[in-house]
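Right, one structure below, let's go through it.
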2 protein chains.
Amino acid sequence: MKNVFTFVHMFTLAEENYMKAIFHLEHESADEVSTNAIAESMATKPSSVTDMIQKLAEKKLVVYKRYKGAKLTEKGKKIAANVIRKHRLWEVFLVEKLNFHWDEVHEIAEQLEHIQSEELITRLDKFLGSPDFDPHGDPIPDKHGVLKRTEKKLLSEIEKNQKGVCVGVKESSPDFLQYLDKKKISIGTKITVLGKEFFDGSMIIQVGNEQFFISHKIAENLYVQTL
Amino acid sequence: MKNVFTFVHMFTLAEENYMKAIFHLEHESADEVSTNAIAESMATKPSSVTDMIQKLAEKKLVVYKRYKGAKLTEKGKKIAANVIRKHRLWEVFLVEKLNFHWDEVHEIAEQLEHIQSEELITRLDKFLGSPDFDPHGDPIPDKHGVLKRTEKKLLSEIEKNQKGVCVGVKESSPDFLQYLDKKKISIGTKITVLGKEFFDGSMIIQVGNEQFFISHKIAENLYVQTL
DNA sequence: GTTATTTTTTAGTCTTGGCTAAAAATAAAA
DNA sequence: TTTTATTTTTAGCCAAGACTAAAAAATAAC
C-alpha cells in the first residue's frame, strides 16, 4: 500500500513503534537496549528486531553495532518523544472529554498516536489546556520532545506536612478508581499529608476542604508529584 | 507488518479505503462501478484495483464479475458507511472543538476514520451532540450505517419566504469562509430568504436578527437543508 | 582455556498491496 | 462484420515487515 500520510518527515507505523519501544527501554536501564529486550517488549521475534534496527540505523535514527544493541540518536529520541507526546495527549482527551476511565484508553491512544498532523497536536494540546501529565500520571513531553524530569512518588512515600499533586495511579481496578471518584481525587488534585501512622502506614490527608483517613493500601497505589 | 488493530471484525486500511471509494462512486452513478473509475478516484492503477476487488469479493464485501465492475454487498455497504460516519464525526470534532476551518480537515479525518473502537465513536458522537451533518454539509450515517436521505440544496435554489439551515459550502476558499464568518453564518445557522432578484440572482436574507443582501455568487456556494 | 549456553544475526519465506507489461475481453468504428 | 480502440485482467516483480531455521558471536560454566 502507498503511504497514506504524505508529510515532510515520514516514518511508518512500525518505525514509530520501534523508536517508542527503544525510548521506553532506554529510560528503564540507561544503556543501549538489547535486541531481545526490544523483541519481548513488542511481542515480536529478535530476528525481526535486527532487521528493523538495521534499517533505523541507516536512517540515522538509532546507533547500532552488531551484537551490541541499539541506542536512539538525538533525532530518533525526538521522534519517539513526539509519538509519546501524542499518545499521552490523546489519553487526556479520552479521559477528560470523552469520559473514558484511566484503564480503558491505552489501546485507543496506541492508534491515535500515529495520526500525522503537527497542527492537530498543537490544537489538541491547547484544547486540553496544555496538560503536563497523562491520566496515568506520566509526564507529557513538550513539543520539542523534552520530557520534564519528574519526581513521581507514591503517596505512601510522602512525609507528614508535605504536599503533592495527584499525577496517576499504580493500580487501576474499577473499585479503586471508584473510591477515588468518591473522594474527589483525580489528576491534578492537591493532597496534603496531615498525619501518618507508622504502625500500619495509614494517613490523614487533606483534599480540598475535606480531611479524611486513608489506608496504606490506598496510599501505595497513588502517584503524586511533590511540591 | 502485523495488524495493529486486533478486534473482532478487522479490515485493513486499504480494504476500508476501497470500500469507501466504491460506496461514494455507487452514490454517484447507481450501477456497479468500473475498475477504472475506482482506480482514478483512488489515484492508483486499474490492475491494483482488480487485485483488491477480487479479495473483497472472496470476503463477500463486494459482488464481482470479471469485466463487469464491483458493487458492495449489504455487509460491505455497512462497513463503508461506518468509515464515512467516523470520517464525518471527526471532521465535526476538528471544526467545532479544535477550531479548524472547513477546508483544512479532510486530510486529518482521512487518517482518523480508520481508528478502531466502537466505544470511541459512540462517545465522540455524544460529545459532539450527535450531529446530523459534517462541516461540509454532508449527512453523517447513523450507527447502523443508514444515511438519512437529505434534501441538500444550494441557497440559490431556495424560493422567497422559504427557510433553510446552513449545512455546508460548495466552494471553500479562505475568502468565502471569512465572508461567512463575518456574516455569522456557520453550520446550523437558520437562513430565511426575504427577497430574490431574478435579474442577477441576488437575495435579501435574514440571519438571526440581521437582514442583509447577498450576491448570487454567495448563494450558489452555500448548501442549505430546507425546513 | 575449552566447552556449553545464550544472544544475535543471517538467509530464505510469506503476505499485503503496490507496480509494469502483456494478454484477453468488451465496446466502438469503419 | 471485421477492425480498432478501450477496458480489464493476468502474470510477474518489488518493498515492507513479519516469520523460521540455521549460523555466528558473545557469555557463562567447567
Side-chain angles (χ1 to χ4, degrees), chain A residues 1-7 9-22 25 29 31-59 61-71 76 79 83 110-111 114 116, chain B residues 1-7 9-22 25 29 31-59 61-71 76 79 83 110-111 114 116:
Chain A
M1 190 195 61
K2 212 180 289 177
N3 208 325
V4 184
F5 312 137
T6 54
F7 288 83
H9 293 303
M10 269 309 315
F11 302 99
T12 65
L13 208 148
E15 285 170 341
E16 288 195 347
N17 281 335
Y18 271 97
M19 286 189 269
K20 187 180 54 152
I22 296 169
L25 290 169
S29 41
D31 272 338
E32 44 269 294
V33 295
S34 74
T35 304
N36 260 7
I38 298 169
E40 195 186 358
S41 89
M42 298 190 69
T44 185
K45 302 289 166 182
S47 57
S48 308
V49 174
T50 301
D51 267 7
M52 182 55 95
I53 59 184
Q54 286 175 351
K55 284 177 202 160
L56 293 177
E58 270 178 28
K59 297 184 182 179
L61 299 169
V62 302
V63 180
Y64 165 68
K65 270 193 189 134
R66 287 173 14 283
Y67 296 99
K68 287 288 177 188
K71 203 164 153 18
I79 294 160
V83 174
E110 205 71 11
Q111 300 175 54
H114 300 290
Q116 302 282 349
Chain B
M1 193 196 58
K2 209 181 290 174
N3 206 324
V4 185
F5 312 137
T6 53
F7 287 85
H9 292 304
M10 270 310 314
F11 302 98
T12 65
L13 208 148
E15 285 171 341
E16 288 194 349
N17 281 335
Y18 270 98
M19 285 189 270
K20 188 182 54 153
I22 297 169
L25 290 168
S29 42
D31 272 336
E32 44 271 293
V33 295
S34 76
T35 303
N36 261 6
I38 299 170
E40 196 186 356
S41 88
M42 299 190 66
T44 185
K45 302 289 164 182
S47 56
S48 307
V49 173
T50 302
D51 267 6
M52 181 56 96
I53 60 185
Q54 285 174 350
K55 283 177 203 160
L56 292 177
E58 270 178 29
K59 296 184 182 180
L61 298 170
V62 304
V63 181
Y64 166 69
K65 269 192 190 136
R66 285 171 18 286
Y67 296 96
K68 288 286 174 188
K71 203 167 157 4
I79 293 160
V83 173
E110 206 72 9
Q111 300 176 52
H114 300 291
Q116 303 283 348

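What you see is a predicted model, and the numbers here were worked out from it, not measured in a lab. Proteins get letters first, then strands, A, B, ... in listed order; numbering begins at 1 in each.
Between B:N17 and B:F11 the shortest side-chain heavy-atom distance does not fall below 4.5 Å. With a 4.5 Å cut-off on side-chain heavy atoms, A:Y18 and A:T12 do not count as touching.
OP1 or OP2 of D:dT9 has at least one side-chain nitrogen or oxygen of B:Y64 nearer than 4.0 Å. Between B:T12 and C:dG17 there is a side-chain polar atom (N or O) within less than 4.0 angstrom of OP1 or OP2. Applying the 4.0 Å criterion to OP1 and OP2 of C:dC19, one finds that B:T44 has a side-chain N or O inside that range. Note on A:S48: every side-chain N or O is 4.0 Å or more away from OP1 and OP2 of D:dA18.
A search for side-chain contact (heavy atoms from CB on, under 4.5 Å) contacts involving B:N36 returns B:S34, B:P46, not counting sequence neighbours. In this view, B:E16 satisfies the salt bridge (Lys or Arg N to Asp or Glu O under 4.0 Å) rule with no residue, not counting sequence neighbours. With sequence neighbours excluded, the residues that form a side-chain contact (heavy atoms from CB on, under 4.5 Å) with B:K68 are B:K65.
Rounded to an integer number of Å, the gap from CG of B:L13 to P of C:dG18 is 9 Å. In this entry the distance linking CE of A:M52 with C1' of C:dT9 reads 16 Å, nearest Å. Remark: P of C:dT16 and OH of B:Y18 are 14 Å apart, rounded to the nearest angstrom. Regarding A:F11, its CZ atom lies at a distance of 18 Å from the C1' atom of D:dA15, rounded to whole Å. Atom pair B:Q54:CD and C:dG18:P shows a separation of 14 Å (rounding to whole Å applied). Note: CG (B:D51) to P (D:dG12) measures 13 Å, nearest angstrom. In this entry the distance linking CG of B:L56 with C1' of C:dG17 reads 12 Å, nearest Å. Spacing between atom CD of A:E15 and atom P of D:dA16 amounts to 9 Å, rounded to whole angstrom units.
Distance check: A:I38 CD1 to A:L25 CG gives 6.5 Å after rounding to the nearest 0.5 Å.
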Could you go through nucleotides 25-28 of chain C and list every protein N or O atom that sits under 3.5 Å from one of its N or O atoms, giving the distance for each pair?
from	atom 1	to	atom 2	distance (Å)
C:dA25	O4'	B:Y67	OH	3.3

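Pairs passing the salt bridge (charged side-chain N to carboxylate O under 4.0 Å, His left out) check and including a residue from residues 31-45 of chain B, sequence neighbours excluded, do not occur.
Salt-bridge formation is not detected for the pair B:E15/B:K20: no Lys NZ or Arg NE/NH1/NH2 atom is positioned less than 4.0 Å from an Asp or Glu carboxylate oxygen.
Evaluated for a side chain to side chain contact (heavy atoms under 4.5 Å, CB included) with A:L56, the options A:M52, A:E58, A:Q54 yield exactly one hit, A:M52.
Considering only the side chain of A:I53, C:dT9 comes nearest among D:dC19, C:dG18, C:dT9. Distances from the side chain of A:T50 to the nucleotides C:dC19, C:dT8, D:dA21 place C:dT8 closest.
DNA chain D lies under 4.0 Å from no heavy atom of any residue of residues 31-40 of chain A.
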